[in-house]
Number of protein chains: 2
Amino acid sequence: MAGKPTINDIARLAGVSKATVSRVLNHKPDVDPTTRDRVMRIVEEQSFVPSITATGLAGGQSHLIGALVPSFTWPFISDIMRGVAEVVGLTSYELVLYSINDRVRENDKSDILDHILATKLTSGLLAIIPGQSSKYVTRLHKYGLPAVIIDDQDLPGDIPWVGTDHQHGSYLATRHLIELGHRRIAHVQGPLKYLCSHERYQGYCQALEEAGLPLDPQLVFEGDFMQPTGRAAGNYFFSLPPEQRPTAIFAAADLMAYGIMAVAEERGLQIPQDVALIGFDGLDSSAHVRPALTTVQQPFYEMGRQATELLLSMLDKPRFSLRSSDAHLSQPSGIGRNGEQRQEPIRIHLATNLIIRESCGSPRRVPFSLPE
Amino acid sequence: MAGKPTINDIARLAGVSKATVSRVLNHKPDVDPTTRDRVMRIVEEQSFVPSITATGLAGGQSHLIGALVPSFTWPFISDIMRGVAEVVGLTSYELVLYSINDRVRENDKSDILDHILATKLTSGLLAIIPGQSSKYVTRLHKYGLPAVIIDDQDLPGDIPWVGTDHQHGSYLATRHLIELGHRRIAHVQGPLKYLCSHERYQGYCQALEEAGLPLDPQLVFEGDFMQPTGRAAGNYFFSLPPEQRPTAIFAAADLMAYGIMAVAEERGLQIPQDVALIGFDGLDSSAHVRPALTTVQQPFYEMGRQATELLLSMLDKPRFSLRSSDAHLSQPSGIGRNGEQRQEPIRIHLATNLIIRESCGSPRRVPFSLPE
DNA sequence: CTGTTAGCGCATTCAA
DNA sequence: TTGAATGCGCTAACAG
């Protein structure tokens, strides 16, 4: 019995058939308690763990879930994966990592999904896949592979989705600047090919509108979430004639805010005295830059958790129960544990958290009160 | 034939037995070229991909490799995983992620390894596991699961290892400071429970000694790689009487260097004018802090690649060949493709790269020449 | 060179 | 409540 004990060994040692061992292992109801105990004792003694491979083959359920991640270039992928791993660790599932190479062409993404579908290794998929590519995931879902999209996507598709409430987060950030007394607030957008960029922009607009402030197109700049476009935005805004210059900037990504900070320093502008700044994402490093950056924190870890729980519940494992959560379900109606009668796709929007630090400063001028 | 075609379908369509299909798929030599072509055509037509699960079960080789990662809290895990994923993507293997929860107690790490061993899901393991815990990995290796340790470890064990040449990297950094004219160079160590902390310290000592500079214990401070201990070190060094104060600091981690920068700023000290600073790790963010941080860049991505290639070669897949590399193999003798006659464990030390930026400044005083 | 026969380790019938 | 048989999709040993 060197190596790994098999179900046969356990059956022999316990004096029962392997069928019975299997029954015990799978918590079948119809097992004599005495027999069950005897089997369990041997199982523990031998620290027997059934082979996932064989279980998968025989049962048709692989007990593996896949995670499709866009390489690891984005810092928050780590946080999402922490959440995913945590939840998966609580179950008998294992996690298979599919990563999209950075240098991959758009078509290849489709190939990867084909591959995932073709190998049928995993019985469910968590997809962190930005922008347009998410449409490929929809196809998976059609072919019967349960999938959950995390955060980003093209259009609200017909596939379960867990992500951030981008609009509300942006609304909070912009509103905070307004409450501090700012009236000329600029916004650096993310790339407009991403839905979330629009959503964040909407939040910005919403706050302005609510406060009765005009939306000045001159104060809106399209970036790409990365530092260099932050610099570009900074240079643009800071070159505006003084009276048209924004007194505050809301950047749709912390990295872009860093770029603005760099430009400000180069030009001798003080943050927050000369211009207030708020970012979006809540990267760890934002607490460490100087001045520390006020930012809208996305609940990445929680996103990973919830998405995994959702997927697991779709896989319909009775031993796993979806925890009550603080999520805002956009469709509060019954989740329909069994996929059959799911009428509308589940979409979970997680709340953001505005972390107020130095970069947005204290109230300036007379803070005017907002409409309730 | 809805769903996924099986090897039976292919066999029928091609008019051969499944054994033959299997032979073709596995590139067996003894197959009639005509037959091979015919089978391949059907395989492509049906875009048939054999089930990894079944292949594993039948062949005893799971075609899965595991990656054990210490949660994702360390920023460079991402880079390592990028390298790993890249190489795995080139093969027919898939990657299973085992992550060690942060909150896990030391014993639980052993449990995870037991779990990995017990489930026998993967046929090889890549372990990124800091410090003491690596001893558990050694056991895996004993039980016949090929494993490669990435970077950190307790003692030079008897297990294949791929990591950074910490000592030489530190040597380069310290030497650079010496060449810039510094004579009082402080060092902030990593936690001494990690071997690499000692190695980095040794590199520091080596450079001092080579330059005939005294090793002043007062200028050595034990940190823990994190920012707060960097602050502590900064406060300590900057409180020293002026003539005992270091003119340069070599921190064994970028994060600790950040802490020093923060303290310097608080005290009105200029970097690099008042004190030069070099970090270790080469985090992306180090290029973006102000002043930009000179640092010893660890080849994380390359580490991931090489470790994976090494593991794959141990798994002895003929279709995969270990690329020639720029690594310094500590044991240049034949690697012994087949595990049998491996006399000594393979240890690959990858070279670091000193990235010179603003934080260490230009030469001060009269740069004195070093012994060749 | 190729087909046939056995399993790999387990879950799931079907009888008993 | 349990045991015996059958098969998941594939590889491997054996013949032919």
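Proteins get letters first, then strands, A, B, ... in listed order; numbering begins at 1 in each.
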Under 3.5 Å, which N/O atoms of the protein pair with N/O atoms of nucleotides 3-5 of chain C?
| unit_1 | atom_1 | unit_2 | atom_2 | d |
| --- | --- | --- | --- | --- |
| C:dG3 | OP2 | B:S17 | N | 3.2 |
| C:dG3 | OP2 | B:S17 | OG | 3.1 |
| C:dG3 | OP2 | B:T20 | OG1 | 2.7 |
| C:dG3 | N7 | B:R23 | NH2 | 2.7 |
| C:dG3 | O6 | B:R23 | NH1 | 3.4 |

Side chains of A:L95 and B:V96: closer than 4.5 Å at any heavy-atom pair? no
For DNA chain D, list all stems, counting runs of three or more consecutive pairs where every pair is Watson-Crick or G-U wobble with both distances under 3.5 Å. C:1-4 with D:13-16, C:6-16 with D:1-11
How many whole angstroms separate atom [atom1] of [X] from atom [atom2] of [N]?
X: A:D9; N: C:dG9; atom1: CG; atom2: C1'; value: 11 Å
X: A:I7; N: C:dT12; atom1: CD1; atom2: P; value: 11 Å
X: B:L57; N: C:dA11; atom1: CG; atom2: C1'; value: 12 Å
X: A:L25; N: C:dG9; atom1: CG; atom2: P; value: 15 Å
X: B:D32; N: C:dT2; atom1: CG; atom2: P; value: 5 Å

Only counting residues at least two apart or in another chain, list the ones meeting side-chain contact (heavy atoms from CB on, under 4.5 Å) with [X].
X: A:A118; value: B:V49
X: A:V43; value: A:I10, A:L25, A:V39, A:F48
X: A:S62; value: A:L64, A:S123
X: B:S17; value: B:A19, B:T20

Of all pairs that satisfy salt bridge (Lys or Arg N to Asp or Glu O under 4.0 Å), the ones with a partner from residues 15-43 of chain B, not counting sequence neighbours: B:R41-B:E45
Please list, chain by chain and in numerical order, all residues satisfying side chain to side chain donor-acceptor pair (under 3.5 Å) with B:S22, sequence neighbours excluded.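 If we apply the side chain to side chain donor-acceptor pair (under 3.5 Å) test to B:S22, skipping adjacent residues, the hits are B:N26.
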Going 5' to 3' along DNA chain D, which nucleotides are the first and last within contact of chain A (any atom under 4.0 Å from a heavy atom)?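 The contact span of chain A on DNA chain D goes from D:dT1 to D:dG9.
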